[in-house]
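Each ligand, and each atom within it, is numbered from 1 in the order the structure gives.
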Amino acid sequence: MATFKLLLFPGDGIGPEVMAEVEKVVGFFSRSGLAQFEVEKGLVGGSAYDAHGEAISDADVERAHAADAVLLAAVGGPKWDGVPYEVRPEAGLLRLRKDLQLFANLRPAICYPALADASSLKRELVEGLDIMIVRELTGGVYFGEPKEIIDLGNGQKRGVDTQVYDTYEIERIARVAFDLARKRRNKVTSSEKRNVMKSGVLWNEVVTALHKREYPDVMLEHQLADALGMQLVRKPKQFDVIVTDNLFGDMPSDVAAMLTGSLGMLPSASLGEINPKTGKRKALYEPVHGSAPDIAGKGLANPIAMIGSFGMALRYSFGLNEAADRLDAAISAVLGVGLRTADIQAPGNAVVSTAQMGDAVVAELGKN
Ligand code: NAD
């Protein structure tokens, strides 16, 4: 039986509550004999600051390098608002993403039929929605140099950011998108602003050339980033995999979040390069939501985004696709019988606690 090393960072706020539910799911899969998970825990964010005055320790970063997959719940909260900038809670998360060189951010937006009415769009537009947004995460305008505010000396200042992409950065993210599409509905929509940006012209050229060379079997279309935003709310089900740069991926991934109803439902994965020697890649899985200090400690948090993030680890780090499908089906079934945490509450549905939701998912897993 395969053994996988899993490093858990519960973090702050509701983090430990939702991570506890993932541990139940991990326990289920270990007991079922599917795989063995060696689970370790680390400290990140405010909890790490409280323990040793930094947002993550070198030792925990080392453990993250050694793990087959890292699961992180959430960091931050008002308690740490005044701590020095370099050790603020987010610094721990950013360091992990940077040190593990996680260049590909995968955000699925899935609308479970039972939750279609929780979306801000009409049921028929979102019911059964299943799209994957692949966003480049380590390049582009958020990191490009120069990045500065210049004093022009005449009472004016100038803010400068630099949008910059090299061929290899575009190729490796496009490859992630094409590979994913092959396992899904075989369609990639690439998005940039080639009409006004040189980086967009290059993006378009590189994606088109890679498609022709290595992925001619996948359907490829290009949409300008502004048109993509419009199409996402007009007819979201037209998409399968969307691939964009760091900046233009930031907005649609949040828009797609709203299509599915609640922040508490959204998992994500961030992937690094495949190591040619081991065939493995570094990966960090985390819910899209934050530490939700307003509901922390009350048993109100929805654990599905966190559990779904483990589901992504099953699929993308461990290759356990059947187990991932089974977990998705269990989540769908639990929602289908009307169980709801408070954030996805609907009239006539039973409202359950974080732990009850986790227990229900595990019980459902045990049924088949
Ligand atoms: P948030 O995502 O924590 O919360 C936004 C709203 O959604 C809140 O009303 C919250 O109660 C609700 N919510 C979030 N997750 C939920 C869940 N699983 N179940 C039910 N309801 C849920 O965003 P925020 O309030 O802007 O930020 C709170 C803290 O989290 C801040 O310190 C922020 O910096 C941090 N944050 C961390 C991350 C991360 O760790 N990746 C991401 C975003 C925000």
Side-chain angles (χ1 to χ4, degrees), residues 8-22 25 42-50 55-56 60 64 70-83 85 87-98 100 102 105-107 110 112 115 118-120 135 137 142 250-251 253-254 256-258 260-270 283-312 331 334-335 339-346 349 351-358 360-361:
L8 309 183
F9 285 109
D12 309 320
I14 60 168
E17 297 170 58
V18 292
M19 192 63 92
E21 302 315 307
V22 164
V25 175
L43 290 175
V44 69
S47 57
Y49 178 79
D50 288 348
I56 189 164
D60 274 348
V70 179
L71 257 64
L72 186 147
V75 296
K79 181 179 174 196
W80 301 282
D81 278 351
V83 306
Y85 186 76
V87 290
R88 71 199 189 286
E90 291 75 11
L93 177 54
L94 294 176
R95 174 154 178 218
L96 270 177
R97 287 182 184 155
K98 185 163 171 274
L100 299 180
L102 305 172
N105 183 232
L106 275 51
R107 278 215 204 171
I110 294 173
Y112 295 96
L115 288 189
S119 168
S120 48
R135 169 186 170 200
L137 206 58
Y142 294 164
D250 205 353
M251 277 65 89
S253 45
D254 272 27
M258 275 326 293
T260 68
S262 166
L263 263 180
M265 296 294 303
L266 291 163
S268 80
S270 300
L284 172 73
Y285 298 89
E286 51 180 328
V288 170
H289 63 71
S291 59
D294 52 332
I295 56 166
K298 298 180 182 163
L300 291 174
N302 184 347
I304 292 179
M306 186 74 246
I307 293 174
S309 300
F310 175 62
M312 293 187 81
I331 292 170
V334 163
L335 296 170
L339 291 192
R340 299 281 189 277
T341 42
D343 57 313
I344 49 174
Q345 183 180 359
N349 286 127
V351 175
V352 297
S353 68
T354 311
Q356 285 169 322
M357 184 59 100
V361 171

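Contact check for H289 versus L266: no side-chain heavy atoms found under the 4.5 Å cut-off. Between Y142 and L137, the closest side-chain pair of non-hydrogen atoms is not below 4.5 Å.
No donor-acceptor pair closer than 3.5 Å links the side chain of S268 to the backbone N or O of R107. A distance-only check finds no donor-acceptor pair linking the side chain of N302 to the backbone of T354 [under 3.5 Å]. Without hydrogens or angle criteria, D60 side chain to L43 main chain gives a donor-acceptor distance under 3.5 Å. Side chain of R340 to main chain of V352: no donor-acceptor pair is present (N/O by atom type, distance under 3.5 Å, no hydrogens or angles). Side-chain atoms of R97 do not come within 3.5 Å of backbone N or O of L94 as any donor-acceptor pair. Under a 3.5 Å cut-off, the side chain of E286 and the backbone N or O of A74 do not form any donor-acceptor pair.
Looking at M306 against ligand 1, nothing comes within 4.0 Å, counting heavy atoms. Only the side chain of L263 comes within 4.0 Å of ligand 1, judged by heavy-atom distances. Looking at L72 against ligand 1, nothing comes within 4.0 Å, counting heavy atoms. If you look at I295 next to ligand 1, the close heavy atoms, those under 4.0 Å, all belong to the side chain. Contact annotation for P293 and ligand 1: only side-chain heavy atoms (C-beta onward) come within less than 4.0 Å of the ligand.
The option with the heavy atom closest to atom 9 (O) of ligand 1, from among D294, V44, L266, is D294. Relative to atom 29 (C) of ligand 1, the option among G76, P303, S291 with the closest non-hydrogen atom is S291.
If you check which protein heavy atom lies closest to atom 12 (C) of ligand 1, you get A292 CB, 4.4 Å. Ranking the protein heavy atoms by distance from atom 33 (C) of ligand 1 puts E90 OE2, 4.1 Å first. Among protein heavy atoms, the minimum distance from atom 38 (C) of ligand 1 is reached at G290 CA, 3.5 Å. For atom 32 (O) of ligand 1, the closest heavy atom belonging to the protein is G77 N, 3.0 Å. Among protein heavy atoms, the minimum distance from atom 17 (C) of ligand 1 is reached at N302 N, 3.7 Å. Remark: minimum distance from atom 40 (O) of ligand 1 to any protein heavy atom is reached at V75 N, 2.9 Å.
We find the OG-CD distance between S353 and E21 to be 7.5 Å, quoted to the nearest 0.5 Å. Here CG of L96 is found 3.5 Å from CD1 of I56. Values are rounded to the nearest 0.5 Å.
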Checking D343 against I295 for the side chain to side chain contact (heavy atoms under 4.5 Å, CB included) test, could you report, in this order, the C-alpha distance in whole Å, the side-chain angles of both residues, the deciding distance, and whether it holds?
CA-CA 10 Å; D343 57 313; I295 56 166; over 6 Å; no
Tell me, with the steps shown, if K79 and D12 meet salt bridge (charged side-chain N to carboxylate O under 4.0 Å, His left out).
CA-CA 10 Å; K79 181 179 174 196; D12 309 320; over 6 Å; no
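Annotation for ligand 1: atoms under 4.0 Å from non-hydrogen atoms of A301 are 19 (N). Heavy-atom proximity to G264, at under 4.0 Å, picks out these atoms of ligand 1: 17 (C), 18 (N). Set against the non-hydrogen atoms of E286, the atoms of ligand 1 under 4.0 Å away are 41 (N). Close contacts of ligand 1 with A74, meaning ligand atoms under 4.0 Å from a residue heavy atom, involve 40 (O).
Distances between N or O atoms of L93 and those of ligand 1 include no value under 3.5 Å.
Using a 4.0 Å cutoff on heavy atoms, V18 does not count as a contact of ligand 1.
Under the 4.0 Å distance rule, the nearest protein heavy atom to atom 25 (O) of ligand 1 falls outside the cut-off.
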